[in-house]
Amino acid sequence: MFDNLSNRLDGIVKRLRGKGRLTEADVDEIMKEIRAALLEADVNVTVVRSVCNRIREHAIGATRSQALDPGQQVVKAVNDELVRILGGETLTVQYASKPPTVILMAGLQGSGKTTATGKLALWFKSQGRQPLLVGADLQRPAAVEQLRTLGRQVDVPVYSDPEDPILTAYEGVEEAKRLGRDVVIVDTAGRLSIDAEMMEQVRLISGAVSPDYTFLVIDAMTGQDAVQTAEAFHETLQIDGVILSKLDGDARGGAALSVKEVIGRPIAFASTGEKLDAFEQFHPDRMASRILGM
Amino acid sequence: LGRGAITDETWDDLEEALLRADVGLGVADGLLEPLKERVKAKEITEPSDLLAALQADMIARLADADREVHFDESLEPGQPNVWLFVGVNGVGKTTTIGKVARQQTEAGRTLLLAAGDTFRAAAAEQLGTWAERSNTEFVRGTEGGDPSSVIFDGIERAASKQIDLVLADTAGRLHTKTNLMEELKKVRRVAEKGAGTVTETLLVIDATTGQNGLAQARQFSEATNVTGVVLTKLDGSAKGGIVFAVETELGIPVKLVGVGEQVNDLIPFDPDEFVNALFDTGTDG
Ligand SMILES: Nc1nc2c(ncn2[C@@H]2O[C@H](COP(=O)(O)OP(=O)(O)OP(=O)(O)O)[C@@H](O)[C@H]2O)c(=O)[nH]1
Ligand SMILES: Nc1nc2c(ncn2[C@@H]2O[C@H](COP(=O)(O)OP(=O)(O)OP(=O)(O)O)[C@@H](O)[C@H]2O)c(=O)[nH]1
Ligand SMILES: [K+]
Ligand SMILES: [Mg+2]
Ligand SMILES: [Mg+2]
């Protein structure tokens, strides 16, 4: 459908070659292609603007160099900039000195929270921990049943009480203490960031369990809305990290860049399939290449 | 966009509004180019008129689509209509079926829901709850079983009970997974092997979807001959602009819109409202 950034820039640079010095207008043309590539990858418009301003500086330097392939150099400059934004500190989980370590999952409807809850349980088990899952989504039909099924699949107990999500979350942590489980992962209902009542509910859930980590689950296919959603969840819950889901498709995943840029929290995990072991810690360099379509 | 001259900034603002709504760069520029000619010709001189002209153009491009969700009345009792729901993971297929079931029941039709998602944890229980809510027949298979046979069985049951309409759920799948798309082709084929006729294949697209929505629509159409789009989650902050691209580039009409998680939160697609809402600026900017 669209070429990757490498091909696009190569085309331009070939035309420009032999012209000697590049003019401002030449760089403008290069920046136009970079902007298009980022927008097609669903990077947020505002983020594209600031990223492009920074890349512009690099691009000028790269195109003026005498290297054989200035196109590749520009691509490298773009790539480095994206990795820089995506990267930074990678999240290493610090376990609570007084167990259990509590994890809260939040996000829009259908983003992949419940699946990621099961996946995290498996991941924590691989780290030698003994998690307990808490089903605090009492809204979606059969949400708790879904979590119980996942719990059985990874052989981890699940706590839930049909009465009330805030109480369930609180009691879930108490249950973990009783059972001597050292990690608690609380699954919550999907909610819209503009739904004041539901955002208040998740704020109260958070208050009831005092999470050590709050993860925002974001679908890799998300478009421009990712920023607004992430900002609102961050404001209500103070997000510690992002779990990027459904990366096994062909979406470029520009949402990752946008969200990282606006809330300044790392992408902690990448979810890459429906099976529970399709889950890994996040690699900024792979993501940068993906956004650029390479 | 108020009064004054139309400047470069005016064009940038319009493009940005379209991009923020996920309409996509190519489509956005395709909409703005012809307007530039009209501005050059002094046909349009005010920024506010320019916005109005853009909206009118967009509405015009959505004007001729057939948005009816087809039910073939000419089929005999014992020959159920089948509406198939497809789409990527988590977009709202199962929930939309629950809502459609209520609407169709209220319209006086008898229904059966077939749980063709045998893969995802508790998918059948979820659909079963919706079947109870609208008091419709419900057929499920064994976990991990063949989805085609569940849907086939559902259609046979509906035929034997002279039920009018079968709503068939399918597991969410990414359009890039060849084996799962093959499975879906088989579902589509097998659904017409018995007494049933597939009169709608509805692709569900989540309003938060970005540019990937076009690839979804292409691939699902190729596999199942999609007849319409259901745009879900339009009650959120996302505008769903990618379906404008899907309809105008691929010719697949948007038929229904999901505006919440409750049983009545499903409405017909209204191009005027949709286009106007694309330009409602939020706080983000
Ligand atoms: N292909 C793929 N599918 C995924 C991935 N993660 C989740 N899913 C699927 O996405 C759909 C939604 O996942 P859930 O875990 O139910 O999402 P949720 O956020 O809990 O949904 P709600 O509770 O309704 O808000 C399911 O079909 C999952 O199997 C992933 O990484 N890749
Ligand atoms: N706000 C809102 N939420 C919706 C809408 N439609 C569906 N949802 C929610 O989105 C989530 C996913 O819906 P499902 O119906 O399970 O989606 P699905 O496509 O069947 O998912 P899979 O079968 O896992 O692929 C649920 O939490 C629904 O309640 C809508 O129009 N608005
Ligand atoms: K989604
Ligand atoms: Mg869930
Ligand atoms: Mg479903």
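Naming convention: chains lettered A, B, ... in sequence-line order (proteins, then strands); numbering from 1 in each chain.
- Within a 6.0 Å sphere centred on CD of B:Gln262, other residues, nucleotides and ligands contribute 12 heavy atoms or fewer.
- When each of A:Pro141, A:Ala143, A:Ala36 is scored by its heavy-atom pairs under 4.5 Å with chain B, the top score falls to A:Pro141.
- Contacts between A:Thr222 and chain B at a heavy-atom distance below 4.5 Å involve backbone atoms as well as side-chain atoms.
- The neighbour count for B:Lys186 NZ, taken as heavy atoms of other residues, nucleotides or ligands under 6.0 Å away, does not exceed 12.
- Surrounding CD of A:Glu197 are at most 12 heavy atoms belonging to other residues, nucleotides or ligands under 6.0 Å away.
- In this structure, A:Arg148 does not pair ionically with B:Glu125, as no charged nitrogen and carboxylate oxygen lie closer than 4.0 Å.
- Under a 3.5 Å cut-off, the side chain of B:Asp22 and the backbone N or O of A:Gln224 do form a donor-acceptor pair.
- Only the side chain of A:Arg35 comes within contact range of chain B, judged by heavy atoms closer than 4.5 Å.
- Note on B:Thr94, B:Thr95, B:Thr209: by heavy-atom pairs under 4.5 Å with chain A, the leading option is B:Thr209.
- More than 12 non-hydrogen atoms from other residues, nucleotides or ligands lie less than 6.0 angstrom from CD of A:Gln153.
- Heavy atoms closer than 4.5 Å to chain B are found in the side chain of A:Ile194, but not in its backbone.
- For chain B, the nearby parts of A:Asp248 are the backbone and the side chain; heavy atoms of each come within less than 4.5 Å.
- With a 4.5 angstrom heavy-atom cutoff, A:Leu147 does not touch chain B via any of its atoms.
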Mind running side chain to side chain contact (heavy atoms under 4.5 Å, CB included) on A:Arg49 and B:Glu16 for me, showing each step along the way? CA-CA 11 Å; A:Arg49 196 181 300 132; B:Glu16 187 165 319; 2.4 Å; yes
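- When heavy atoms are compared at a cutoff of 4.5 Å, A:Arg152 does not approach chain B at all.
- When only modelled atom types and interatomic distance are considered, B:Arg20 and A:Thr46 share a side-chain donor-acceptor pair under 3.5 Å.
- The two residues B:Ala121 and A:Leu150 have their closest heavy-atom pair at CB-CD2, 4.0 Å.
- By the 6.0 Å contact criterion, CD on A:Glu280 is enclosed, its count of non-hydrogen atoms from other residues, nucleotides or ligands being greater than 12.
- The minimum heavy-atom distance between A:Ser193 and B:Ser237, with the atom names listed, is OG-OG, 3.9 Å.
- Under 3.5 Å, the side chains of B:Gln126 and A:Arg140 contain a donor-acceptor pair of N or O atoms.
- Under a cut-off of 6.0 angstrom, the local environment of CG in B:Asp8 is sparse, with at most 12 non-hydrogen atoms contributed by other residues, nucleotides or ligands.
- Between the side chain of A:Asp42 and the backbone N or O of B:Gln211, at least one donor-acceptor pair lies under 3.5 Å.
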Starting from the C-alpha separation in whole Å, work towards a yes-or-no answer on side chain to side chain contact (heavy atoms under 4.5 Å, CB included) for B:Leu19 and A:Leu39. CA-CA 8 Å; B:Leu19 293 175; A:Leu39 287 170; 3.7 Å; yes
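- Residue-environment remark: CG (B:Asn135) stays at or below the threshold of 12 foreign heavy atoms within 6.0 Å.
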Does the salt bridge (Lys or Arg N to Asp or Glu O under 4.0 Å) test come out yes or no for A:Glu274 and B:Lys177, once each step is laid out? CA-CA 12 Å; A:Glu274 294 186 79; B:Lys177 308 229 159 137; 5.7 Å; no
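- Annotation: maximal heavy-atom pairing with chain B below 4.5 Å, among A:Thr149, A:Val45, A:Thr114, A:Thr115, occurs at A:Val45.
- In the model, B:Thr176 has no side-chain atom that pairs as donor or acceptor with a side-chain atom of A:Asp250 under 3.5 Å.
- When every heavy atom of A:Gln109 is checked against every heavy atom of B:Lys233, the shortest pair comes out as O-NZ, 2.8 Å.
- With rounding to the nearest 0.5 angstrom, the CG atom of A:Asp219 is 7.0 Å from the CG atom of B:Asp206.
- With a threshold of 4.5 angstrom between heavy atoms, B:Glu15 approaches chain A through side-chain atoms but not through N, CA, C or O.
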